[in-house]
There are 2 protein chains.
Amino acid sequence: MKKYLEILKKCPLFFGIEEEQLLRMLHCLGARVSPFDKKYTVFAEGNPAKYIGIVLSGSVQIIQVDYYGNRSILSEMHESQVFAEAFACGEVESLPVTVVANEPSEVMFIECGHILHTCENNCGFHQQLIFNLMKDLAAKTISFHQRIEIVSKRSTREKLMTYLMFEAKKVGKSSFEIPFDRQELADYLEVDRSGLSAEISKLRSEGILESRKNHFELKR
Amino acid sequence: MKKYLEILKKCPLFFGIEEEQLLRMLHCLGARVSPFDKKYTVFAEGNPAKYIGIVLSGSVQIIQVDYYGNRSILSEMHESQVFAEAFACGEVESLPVTVVANEPSEVMFIECGHILHTCENNCGFHQQLIFNLMKDLAAKTISFHQRIEIVSKRSTREKLMTYLMFEAKKVGKSSFEIPFDRQELADYLEVDRSGLSAEISKLRSEGILESRKNHFELKR
DNA sequence: ATGAATCTGTTGAAAATTCAACAGAAAAGG
DNA sequence: CCTTTTCTGTTGAATTTTCAACAGATTCAT
C-alpha cells in the first residue's frame, strides 16, 4: 500500500489523516487494489453496490447504456478521485451504471459498510473519515447539479457553451484542454457528434472560440 | 416547535432520534421556522448557502432560471423533506438555485455549521445527525442521477416514458398521480409543452397509456 | 515507415422539436 | 352563479437535430 500513499494523501476521503494512521486505517478497512486494462469493466451495471472505488492511477468513466444502446458518459474520474460512493452509501441493491477503465488504471476498493460502522479497534478516525465522506458526497451532488444544468439546455450550442464556460471557470483561464474527444464530448452533452462538430466550426467562424483537437479558447 | 414533532419524526434527518431529545436538539441547533405564501421565495439564487431547509407543511420547488429566462424545475420537496443540504454541506459561496413555495408552506431552517460541528453541550446526537445527513446526501445524489437519466434521453417520448416508468416503479403500481401540471412536467423533462401534450395524445392513441389531468396509467 | 484503424468535419435529406396562435375545458375568485 | 384566469390539446410553419455517408487527418501497431 505504501507506494500509493502520495496519491491517497490527495484523496479528499482521507483529508486530515496522517500517513501512518492512513496505512493502519487502510488495513482496518480491508482496502484492496486491482489493475485494469483500458476498456475493462471496474463495476458492471446490476452489481450490488457495496464498494467505494478510488482511482490510484489512470482514469475511469462512469457510463450508462440505455435499451437503445445509446451510451451516456456521466463522469470521468482521475487519480485520487472517489467514485460509486453514493450508491455504496445509499445501499442500493444494484448499480445503475457501469464503470470502465479509460486507460490502464489501478483502483482501490473499500467496502462502504466498513467506513460507516466503526470497527472493533475503534480507530478514532472513522469520525474524520465519515465527515470527509459527507463532504465528498456534497461535492458530488453539486457536480451532478452542474451536469443537469448542462444537459438541461435545449440546443447543442447552449450545451456546449455552458460546458465550456464551466471548464474555463474551473481552471480560471479562457484557454484550456477538455478531457474528451469529439464523440465523448457529444455523449457527455447528449447531442449528435456531427452536429457538435458543425456547431464548433460555426462558433469558430463567428469568432466566439478557437479550438484545435481538445484544446479550446473562449474569446471575449 | 412541539406542533411540528410529528412531521419532524418523519424527516430522514432525525431518524433514530427520540422526541424529547429532538426538541432539545432543535434548540441546540438554533432551528427556526418561517411561513411562506404561494410563489414566495424561500432561498434566492446567489444567497450564501448556510442553511438547510426542511419542509414542515406545503411544498417548495427547487428551480433554476438561465439567462434566456428558461425556467427549469430541479425538484419538488414535500412535508418532512430536506433541501439545500448539499449546498450547505458543500459550503458553496452562493446558491446556484432558487427555492420558491409551491403553495402556502412552513419551512424550518437549520444552520449547517451547527450540524457539522458538535456543540459545547456535546449533545451526543450529532453523530447520529451527521450519519443521517450523509444517508440523505447519498439518496439525493442517486435521485439527481435519476434526473440525469431522464433529461439525457434524446426525444420527448423517451423522456416522458422514462419519467413515468420511474414514477410507476416508485409507487409500485402502473396507475399513479404525478405532482406536476403540463407546463411543470415539460419544464422537468426539458421539452416543449405543446410537444409534450401532443406526445401524450399520441401515446394514448397507441394504447401505451391512459391519462386524465395528472393521473397516468401505463398499459402493458 | 507503412498500412490499418480511428477520429473529425462536411454535407444534404429525413425526422423531431420548438414556436406562436387559438379555442375549448377546467379552476379560481368574487 | 357568472366572469376571469389558467390550463390543455391542436395545428402548421420555422428551426434544429439526427442520421448516413464520405474523405481527409491523425493515431496506432507492426
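Each chain gets a letter, A, B and so on, in the order the sequences are listed, and its residues count up from 1.
Atom CZ in B:R182 sits about 16 Å away from atom C1' in C:dG24, given to the nearest Å.
Phosphate contact (OP1/OP2 of C:dT18, side-chain N/O of A:R154, threshold under 4.0 Å): present. The side chain of A:T156 places an N or O atom within less than 4.0 Å of a non-bridging phosphate oxygen (OP1 or OP2) of D:dT17. Considering only side-chain N and O atoms, A:R204 lies under 4.0 angstrom from the phosphate OP1 or OP2 of C:dG9.
Closest approach to the A:D192 side chain among D:dC19, D:dG9, C:dG9 is made by D:dC19 (side chain taken as heavy atoms from C-beta onward). Side-chain proximity of B:S194 to C:dG9, C:dT11, D:dT11: nearest is D:dT11. The listed nucleotides are C:dG9, D:dT11, D:dC7; the one nearest the side chain of A:S201 is C:dG9. For B:R193, counting side-chain heavy atoms from C-beta on, the closest listed nucleotide (C:dA21, C:dT10, C:dC19) is C:dA21.
Using a 4.0 Å cut-off between charged nitrogen and carboxylate oxygen, A:E103 and A:K38 do not count as a salt-bridge pair. For A:E190 and A:R147, the salt-bridge test passes: some basic side-chain N is under 4.0 Å from an acidic carboxylate O. Looking at A:K219 and A:E210, a side-chain N of the basic residue comes within less than 4.0 Å of a carboxylate O on the acidic one, giving a salt bridge. Look at B:E177 and B:K213 and you find no salt bridge, because none of the NZ, NE, NH1 or NH2 atoms lies under 4.0 Å from a carboxylate O.
Between A:S155 and A:K213, the residue anchored nearer the 5' end of DNA chain D, judged by the nucleotide with its closest heavy atom, is A:S155.
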